[in-house]
Amino acid sequence: MTFSTNFLNNFRLIMLLLMLSLAACAGIEPDQPPLTITSSEVVLQGSPVARRGALHWRVTTSGGAGSVTSEVLVKKNGAERLISSGGSATGSWTPKEPGLYRVKVIAIDAGGTVADSGWSDEHRFAPQLDRDSLYAVLPLENLSDTNIPQKDIQATLRARLSAEGFNLLEQASLDKFMAKHRMRHVGGLNRNLSRKMQDELGVAGVFVTSLESWQEDLPPQVSLIIRVISTGEVPEVFWIDSIGLTGDDAPGLLGLGRIKSPRLLLQNALEKLLASYHAYLTGHCPEYLHIAATQQLLLTNVGDGSAEVIETIKNKHQPQFFYRASTFNPAGQYTVAVIPFLNINARKHAEKIVALHLVEQLNRYANIRVFEPGLVRETLLRYRMIMQQGPSLAAADILASKDILGADLILSGRVFDYQGEFGESKVDFSVQIFDGIKREVIWASRSYATGNQGVYFFDWGWIPSAHGLSRRMTQAVVRKLEE
Amino acid sequence: MKRFYSGRWFVGCLLFISVGCTTASNPPDYTSQRMDFSAVRSVAVLPLLNLSSDDQGGERVRDAFMGMLLATEAIYVLPPGEVARGIALSGMRMPETPSIEEILKLRTVLEVDAVITGVLREYGAVRSGSAEANLLSLSLQMIETQTGTMVWSASSTRGGISMSDRMLGSGGQPMNDITTEVINDLLDQLFE
């Protein structure tokens with residue numbers, strides 16, 4: 001007993017017991033239930049059509065420490081990407097391209113605890129246009145700086161589209177409409193004409209064809225950029241693709257594979273372009289997207305619908321130098337206005353061609369929506385924005401204003417060289433991108449390449465057309481921006 | 001005695017050859033010792049005074065310089081459209097050679113810490129006999145906008161006809177590569 005009394009009176013032992021009991025209680029907040037998602041729903045808003053309908057999510061949570069934020073993921077063809085981060089538990093998202101989509105909401109509390117809603121049911125979004133929609137085929141926009149057989153090319157295009165089963169507006173009706181509304185510019189659609197085309201003619205889609213080059217002398221050359229624009233309140237670029245063919249592309253043994261007729265080249269070009277549009281209509285159009293888990297850029301919807309790592313672009317087509325602001329998030333959702341470039345001594349229309357190439361490349365990215373060039377042109381004209389040295393901050397403010405165009409990014413640049421019809425093909429341009437909200441330059445680059453750069457044996461790797469060069473170079477610029 | 005003279009001849013020839021082989025270096029640059037360059041956060045690059053025979057040479061070089069300076073991420077470079085707006089608003093008559101008053105006025109419009117002006121002295125092909133090669137010569141100055149004083153000045157020349165151009169007639173490097181070399185040299189001088 002004497003021993004036990006001494007034991008209890010030991011001060012050191014009491015302190016030790018006190019510390020042990022305190023340590024055992026540490027970290028437990030008995031009144032704080034863990035973060036859980038009590039209910040979640042993902043419903044379709046509007047029609048199940050890409051760019052028209054939306055997926056709306058609502059999540060309710062309980063428990064958790066501090067404020068709760070949410071991240072929203074979308075899955076398409078097995079590829080997951082983040083579409084919203086740090087937002088509230090309610091929101092909606094409109095898919096850009098047709099396909100099957102699932103949505104998952106992840107709630108995160110201030111202590112970093114995560115609760116997951118699980119993937120929603122699949123929602124199918126169809127393309128807004130199909131073969132039965134009524135299409136208008138605008139007259140060719142000649143950017144080739146040469147005399148072209150415009151009526152022949154236009155007739156070939158219409159015949160090809162009809163043969164593919166597209167429902168085309170009668171040429172006479174279109175001519176009457178263009179005369180009535182004094183429509184002279186055939187390189188795009190503005191809001192007014194887009195609305196009237198829908199209301200008066202019932203047209204759902206418009207084919208806008210820009211002829212980049214046309215050469216009948218040997219070797220013949222044909223380069224085309226075609227896009228399909230939706231009509232209605234705001235014209236949108238649904239699909240855009242381009243092709244550049246020359247007679248010398250595949251000469252083969254003893255030059256037997258050479259093509260000497262530009263008409264044959266035109267047929268081949270149209271066949272490939274319409275196959276690309278067919279892929280879009282059937283939901284198999286390749287698309288670049290940022291994978292949420294790895295933040296890696298992948299090309300999805302290829303062949304069997306799987307995602308694959310993008311092949312690298314050759315160094316010779318990469319920008320000579322580039323700057324990307326450290327604050328720029330390449331995986332963010334952006335709307336982009338591409339304004340015509342400044343032509344510094346390059347060939348006629350080079351500024352429009354390079355801008356169209358950039359529209360084409362940007363349109364392939366799932367997180368980017370490019371404004372229809374006709375809409376941008378209308379804004380520039382309406383506000384009398386004459387930009388002799390490129391856009392100023394004041395010009396960028398107008399384009400970025402939510403009441404006017406609402407562009408997050410404004411892309412401009414300069415073209416210094418664009419030659420490919422005769423002699424060595426050569427392209428030289430610079431690109432600059434403004435962040436319309438932050439009012440600062442977030443991208444600057446300069447690209448320069450020639451067709452026979454790095455070619456040593458038997459024309460292996462030779463790029464005969466300026467179209468081929470500019471396509472690769474603009475692809476490299478946009479890839480660097482988005483990587 | 002004969003051996004002594006032949007030795008002198010040999011050394012003399014060696015000296016002559018080595019002097020003949022030396023290349024002309026760039027003139028030394030000027031950097032103000034009293035200037036705190038870390039305070040320069042934004043600059044406006046004004047149009048270059050073009051003394052070359054190529055009308056567009058100035059714009060080509062200026063565009064490359066602006067992009068490369070921005071790519072260093074050390075200084076924010078105002079976009080050319082904004083600079084053009086500033087020039088118009090401040091009423092500059094010759095933006096290539098601005099006066100101190102014009103620079104001070106430009107500062108109030110554009111809110112930049114410094115402006116960069118320059119002279120493109122050579123841009124294009126030079127010929128010597130049958131040989132031909134591209135050459136670029138550029139000088140730049142930085143003027144701070146608080147007082148309108150010049151705080152940095154440098155020049156660089158690259159390209160020209162080399163021995164291989166004379167012997168093999170290769171035509172020299174492409175103009176874009178020479179432009180990049182010149183600008184890299186000037187940026188090295190600015191940030192050294």
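Throughout, a chain's letter reflects where its sequence line sits, starting with A, and its residues are numbered from 1.
- Separating the CG atom in B:Leu70 from the CH2 atom in A:Trp443 is a distance of 11.0 Å, to the nearest 0.5 Å.
- Within the 4.5 Å cutoff, the side chain of A:Gln432 has heavy atoms near those of the B:Pro80 side chain.
- Listed in order of number, the residues of residues 95-112 of chain B that approach chain A to under 4.5 Å between heavy atoms amount to none.
- A:Phe416 places a side-chain heavy atom less than 4.5 Å from the side chain of B:Asp63.
- Residues A:Tyr323 and B:Ala71 approach most closely at CB-CA, 3.7 Å, considering heavy atoms.
- Residues of residues 45-61 of chain B that come within less than 4.5 angstrom of chain A, heavy atom to heavy atom, are B:Gln56, B:Glu59, B:Arg60 in numerical order.
- Taking both residues in full, the closest heavy atoms of A:Ser392 and B:Gly81 are given as CB-O, 3.5 Å, listed atom of the first, atom of the second, then distance.
- Scanning residues 83-92 of chain B against chain A with a 4.5 Å non-hydrogen threshold yields B:Ala84, B:Arg85, sorted by number.
- Remark: side-chain polar atoms of B:Tyr76 are paired, donor with acceptor, to backbone N or O of A:Val441 under 3.5 angstrom.
- Between B:Asn176 and A:Arg446, the closest side-chain pair of non-hydrogen atoms falls below 4.5 Å.
- Both the backbone and the side chain of A:Ala394 have a heavy atom closer than 4.5 Å to some heavy atom of chain B.
- When every heavy atom of A:Arg324 is checked against every heavy atom of B:Glu73, the shortest pair comes out as O-OE2, 4.1 Å.
- For a residue to count as touching a neighbouring chain, one of its non-hydrogen atoms must lie under 4.5 Å from one of that chain's; by this rule A:Phe321 touches chain B with the side chain only.
- The ring-ring contact (aromatic ring centres under 6.0 Å, His included) pairs that include a residue from residues 462-481 of chain A are A:His357-A:His467, where partners are two or more places apart or lie in different chains.
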